[in-house]
J.: 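Below you will find the structure I want to go over with you.
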Amino acid sequence: MRLSEENLMDVSRRFRREMDKGLGRDTNLTASVKMLPTFVRSTPDGTESGDFLALDLGGTNFRVLLVKVSANGKQKVEMENQIYAIPETLMRGSGCELFDHIAECLANFLDKLGIKDKKLPLGFTFSFPCRQTKLDEVRTGGGDFDIDIVAVINDTVGTMMTCGYDDHHCELGLIVGTGTNACYMEEMRNLELVEGDEGRMCVNMEWGAFGDDGALDDLRTEFDREIDAGSLNPGKQLFEKMISGMYMGELVRIILVKMAREGLVFQGHTTPDLLITGHFKTSYVSAIENQKSGLLYAEQVLRGLGLDPSAEDCVAVQRVCHTVSTRAAHLCAATLAAVLRQIRDNKAAERLRTTIGVDGSVYKNHPQFARRLHKMVRRLVPDCDVRFLRSEDGSGKGAAMVTAVAYRLAEQHAERQRLMEVKRRMEEGMKRGLARDTHDSASVKMLPTYVRSTPDGTERGDFLALDLGGTNFRVLLVRVRSGKRRSVEMHNKIYTISQDIMQGTGEELFDHIVHCIGDFLEYMGLKGASLPLGFTFSFPCHQTRLDQGILLKWTKGFKATGCEGEDVAALLKDAIHRMEEFDLDVVAVVNDTVGTMMTCGYEDQRCEVGLIVGTGTNACYMEEMENVELVEGDDGLMCVNMEWGAFGDRGELDEFCTQFDAAVDERSANPGKQRFEKMISGMYLGEIVRNVLLDFTTRGLLFRGKLSERLKTRGIFETKFLSQIESDRLALRQVRSILQHLGLVSSTCEDSILVKEVCSVVSRRAAQLCGAGLAAVVDKIRQNRNLEQLTVTVGVDGTLYKLHPHFSTIMRETLKDLAPQCDVSLVQSEDGSGKGAALITAVACRLRDAKK
Ligand code: 0WK
Ligand code: 0WK
Ligand code: BGC
């Protein structure tokens with residue numbers, strides 16, 4: 001029974017070979033160590049939350065658990081559990097009776113907690129060898145069970161997950177209890193039984209069966225053979241029978257019987273009790289090995305078995321216990337060493353740093369066993385830093401974690417499916433807008449902009465630019481220099497556009513614009529100058545040439561009369577004539593997305609997309625002329641202003657709209673219009689949050705159900721509050737000060753947490769929808785050019801994109817996930833679209849002068 005280090009190294013090598021056989025598609029069936037795929041692919045990432053049920057069957061105790069996982073900033077897990085007996089008769093009776101009993105225990109538990117009506121997801125720790133083809137399916141040896149649960153896992157997997165929750169290095173799970181087994185995270189490329197090579201999956205090794213093919217016969221002793229012969233499953237689980245708690249005590253007993261019969265102990269006497277299987281409990285072994293009280297304890301046990309032991313007998317018994325448990329610990333260390341080498345080699349690491357989650361009554365109640373195991377592992381694999389982490393919460397917590405992760409992944413998958421569908425519908429909407437036959441009925445208008453080329457560096461001159469439609473109205477003077485020292489110098493002044501002017505008459509609006517221009521020219525000492533002008537007019541305009549734009553409809557709260565259906569360039573010229581102070585050459589009317597693309601394109605030639613996420617949202621991009629059916633000609637490119645804010649106006653997004661979106665739309669200035677914009681842009685996010693908070697308060701989930709008058713006020717929850725509340729730097733108490741500003745003086749800490757959660761859900765959805773829309777755009781450009789991989793730059797502007805702490809990151813992640821064949825750089829525009837409008841004007845002037 002004593003195994004040298006050389007023996008153990010040899011066992012370790014044999015076991016590694018068995019692992020390879022188990023992993024191999026062709027060799028798995030004959031392998032003794034089955035290396036079973038578990039379909040557990042990821043460990044908790046801290047975002048899991050919810051209530052989960054868990055069953056823990058297969059160890060000493062059968063447990064039913066309720067596990068509450070919360071993820072408010074600091075993840076927390078609360079557990080309630082109840083132990084139920086599994087009578088021997090049921091363990092050996094019919095499967096149906098066993099599962100009926102389990103169901104009764106579950107029902108009893110739910111009753112006790114008064115949660116019988118709640119349909120909670122359940123994770124089932126079923127600690128027996130199971131072949132799985134997916135996480136929630138099992139096929140046990142001899143008979144099929146198919147029950148509706150979210151996850152079925154082995155106790156080793158549950159233990160790894162339980163420990164992995166506190167130590168992210170944990171990638172192995174070890175059980176040394178009634179039985180023994182281990183699992184670890186294996187590279188998918190090595191798992192031939194499962195499709196795919198990416199990432200890792202947890203493998204339940206079922207190492208208890210090591211040696212069932214004779215691999216350990218030279219090491220198994222006559223005592224091991226006797227145990228096996230007397231067991232319920234002779235020839236099976238041979239490694240387990242050399243190690244685990246179900247057999248350790250029995251091994252000692254059989255050895256003592258032999259020694260007694262050979263007169264080596266108890267003066268050659270045996271007793272009926274000593275001859276009965278199972279009468280020398282495994283728990284005796286560790287107690288007898290105890291340095292201080294072991295011998296005394298040995299005497300008590302032996303007297304309990306009807307023996308009259310001498311002091312030497314007790315020492316002999318203690319030595320036998322030491323030998324049996326040491327061999328068990330060392331054999332366990334040998335197989336663990338093989339697994340550690342596998343992981344180290346998988347990572348091609350010089351040194352492996354890892355953690356093993358451990359559970360089981362032998363490991364926990366037999367301190368010498370644990371110590372010997374640690375020591376031998378470190379001797380067998382000196383190039384691995386191994387931490388052994390005792391599982392204090394049992395594998396039930398791990399099962400709940402697997403369920404929570406499965407739920408999170410299922411939710412993420414469903415979310416991704418939804419976003420993929422949004423992308424697909426946007427692609428469809430783009431094609432409808434581009435096509436002559438379907439353009440009129442299309443929601444995404446895909447408006448030709450007559451911007452066909454980007455600056456070539458020869459542009460020069462002074463240009464005026466107006467930037468209307470965002471938060472600020474700007475008048476700019478842009479000085480463009482060409483040649484080697486080409487540069488763009490800008491001077492600008494911001495003017496306000498009051499609500500009255502936004503919603504007054506068109507004449508008042510354009511007179512105000514011209515008044516601001518006059519003020520700016522004076523401020524710049526350019527009174528009476530006649531400069532070419534580029535007009536960034538950030539509303540949907542139908543253009544048949546660059547210097548004209550028929551306003552299709554107002555958005556973003558503008559409602560000035562007498563403008564829709566009119567050429568805004570003409571309206572501007574009329575106002576200039578009315579003013580009679582200066583004359584301007586209106587050369588270009590451009591959308592802010594186009595201006596933004598141009599501004600960024602001046603520095604980065606790859607910039608072919610413009611995106612605005614501000615008061616409103618929209619995008620433009622360079623489309624193949626042959627696809628722009630509204631404009632004659634098939635050569636080259638033209639920038640298309642998508643006006644994607646209107647996506648959904650024909651019901652494309654109905655199933656993604658919530659009651660809160662409907663409430664915001666109904667009370668907006670343009671109900672039924674700009675549905676995509678109303679789910680994304682700064683003008684509406686605050687309102688969506690306010691409506692959610694109203695609903696939660698009415699349902700008593702917030703502010704103790706007390707509505708404040710201020711919270712009922714439309715527009716009171718500004719979108720900037722979302723950016724503030726979600727900023728990681730902002731402590732909860734500052735959230736409360738924003739709530740107090742909203743008249744919610746008695747809000748609690750919990751209220752602040754929930755408000756923060758609502759804000760992040762609303763902004764996250766907005767960023768994801770934007771990412772899905774952008775994925776459709778860049779993939780369209782890639783497909784236009786039949787490219788496997790596209791590299792492109794997107795120029796971005798808008799307050800929401802610039803100020804929100806997480807918007808850009810979430811949008812970028814969604815874009816990457818939904819358009820993996822596009823390498824997209826998102827470049828924030830620092831100079832605004834006015835510069836872009838001036839550059840477009842400069843190009844138009846260059847082309848015009850070239851014709852003269
Ligand atoms: C506690 C775990 C359980 C596992 C048991 C093994 O929660 O899933 O089966 O440890 O140890 P045993 O009870 O067999 O000693
Ligand atoms: C700055 C641009 C302007 C655009 C605005 C959008 O210069 O053309 O309309 O961004 O962002 P917002 O001001 O609506 O947040
Ligand atoms: C307008 C677009 C504009 C976008 C961003 C939308 O409401 O329809 O023309 O590009 O807002 O400002």
Side-chain angles (χ1 to χ4, degrees), residues 54-63 65 81 125-128 153-159 162 173-181 244-246 282-283 358-366 391-399 445 447 465-474 476 492 536-541 549 551-558 590-596 599 610-620 641-646 670 673-674 676-678 680-683 719-720 795-803 829-837:
L55 301 177
D56 184 354
L57 179 73
T60 313
N61 302 309
F62 167 51
R63 258 175 237 274
L65 305 93
N81 76 83
T125 303
F126 186 77
S127 308
F128 304 92
I153 62 165
N154 185 266
D155 53 357
T156 56
V157 181
T159 300
T162 296
L174 170 66
I175 294 282
V176 190
T178 316
T180 182
N181 186 15
S244 80
M246 191 159 182
T282 294
S283 56
V358 195
D359 207 334
S361 47
V362 172
Y363 181 85
K364 283 183 161 172
N365 310 336
H366 203 316
S391 166
E392 297 310 341
D393 297 318
S395 64
K397 176 180 172 183
K445 285 296 180 197
L447 302 165
L466 304 179
D467 185 352
L468 176 73
T471 312
N472 305 307
F473 169 51
R474 260 176 243 266
L476 307 90
N492 77 83
T536 301
F537 183 77
S538 309
F539 303 91
C541 289
L551 174 61
L552 295 175
K553 63 180 175 188
W554 282 121
T555 64
K556 295 176 285 188
F558 275 73
V590 299
N591 185 262
D592 53 355
T593 54
V594 182
T596 298
T599 296
L611 171 69
I612 296 285
V613 190
T615 315
T617 184
N618 187 16
C620 74
N641 165 16
M642 296 178 62
E643 286 299 334
W644 79 3
N670 52 354
K673 300 285 180 224
Q674 300 295 99
F676 193 54
E677 178 163 86
K678 285 170 182 163
I680 292 177
S681 78
M683 188 161 187
T719 297
K720 71 175 183 205
V796 192
D797 208 333
T799 324
L800 179 60
Y801 181 88
K802 285 182 166 174
L803 300 185
S829 164
E830 297 314 335
D831 299 322
S833 61
K835 173 179 172 179

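When a ligand or atom number is given, it counts from 1 through the structure's own listing order. As a basis for the values below, the full set of heavy atoms in this structure was taken, side chains included, without hydrogen atoms, waters or symmetry mates. Start at 1 with the first residue, then count along the sequence.
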J.: Looking at D592, T555, N591, which one forms a side chain to side chain donor-acceptor pair (under 3.5 Å) with N618?
T.: N591

J.: Is the shortest side-chain heavy-atom distance between L611 and T593 below 4.5 Å?
T.: no

J.: With heavy-atom distances below 4.5 Å as the criterion, would you say the side chains of L174 and T159 are in contact?
T.: no

J.: Assess the side chains of Q674 and K556: does a donor N or O sit below 3.5 Å from an acceptor N or O?
T.: no

J.: Name all residues meeting the side-chain contact (heavy atoms from CB on, under 4.5 Å) criterion together with N61; count only those two or more places apart in sequence or in a different chain, and write none if there are none.
T.: R63, I83

J.: What I'd like to find out is whether the side chain of M642 reaches to under 4.5 Å of the side chain of C620, using heavy atoms alone.
T.: no

J.: Check each atom of ligand 1 against the heavy atoms of I175 and keep those under 4.0 Å away; list them by number with element.
T.: 6 (C)

J.: Within the structure provided, determine whether L552 and L447 are in side-chain contact (heavy-atom separation under 4.5 Å).
T.: yes

J.: Could you check if a side-chain atom of E677 sits within less than 4.5 angstrom of a side-chain atom of M683, using non-hydrogen atoms only?
T.: no

J.: List, pair by pair, the atoms of ligand 2 and of the protein that are both N or O and lie under 3.5 Å apart, giving the separation rounded to 0.1 Å.
T.:
from, atom 1, to, atom 2, distance (Å)
ligand 2, 7 (O), D467, OD2, 2.6
ligand 2, 7 (O), S833, N, 2.9
ligand 2, 7 (O), S833, OG, 3.4
ligand 2, 8 (O), D467, OD1, 2.7
ligand 2, 8 (O), D467, OD2, 3.1
ligand 2, 8 (O), S833, OG, 2.5
ligand 2, 9 (O), D592, OD2, 2.7
ligand 2, 13 (O), T471, N, 2.8
ligand 2, 13 (O), T471, OG1, 2.7
ligand 2, 14 (O), T615, N, 2.7
ligand 2, 14 (O), T615, OG1, 2.5
ligand 2, 15 (O), T471, OG1, 3.3
ligand 2, 15 (O), T615, N, 3.4
ligand 2, 15 (O), T799, N, 2.8
ligand 2, 15 (O), T799, OG1, 2.2

J.: Would you call the rings of W554 and F558 parallel, tilted or perpendicular, taking 30° and 60° as the class edges?
T.: parallel

J.: Hey, which atoms in ligand 1 end up nearer than 4.0 Å to a heavy atom of S361?
T.: 11 (O), 12 (P), 15 (O)

J.: Taking only residues two or more places apart in sequence, or in another chain, which ones meet Y363 in a side-chain hydrogen bond (donor to acceptor under 3.5 Å, both in side chains)?
T.: H374

J.: Any heavy-atom pair between the side chains of V362 and T282 that's under 4.5 Å?
T.: yes

J.: Contacts table for ligand 3: protein N or O within a distance under 3.5 Å of ligand N or O, distances only.
T.:
from, atom 1, to, atom 2, distance (Å)
ligand 3, 7 (O), T555, OG1, 2.8
ligand 3, 7 (O), E677, OE1, 3.2
ligand 3, 7 (O), E677, OE2, 2.6
ligand 3, 8 (O), E643, OE1, 2.7
ligand 3, 9 (O), S538, O, 3.3
ligand 3, 9 (O), F539, N, 3.3
ligand 3, 9 (O), N591, ND2, 2.8
ligand 3, 9 (O), E643, OE1, 3.4
ligand 3, 9 (O), E643, OE2, 2.5
ligand 3, 10 (O), N591, OD1, 3.0
ligand 3, 10 (O), N591, ND2, 3.3
ligand 3, 10 (O), D592, OD1, 2.5
ligand 3, 10 (O), N618, ND2, 3.1
ligand 3, 11 (O), K556, NZ, 3.1
ligand 3, 11 (O), E677, OE2, 3.3
ligand 3, 12 (O), K556, NZ, 2.8
ligand 3, 12 (O), D592, OD2, 2.6

J.: At less than 4.0 angstrom from any non-hydrogen atom of D359, what atoms of ligand 1 do you find?
T.: 1 (C), 2 (C), 10 (O)

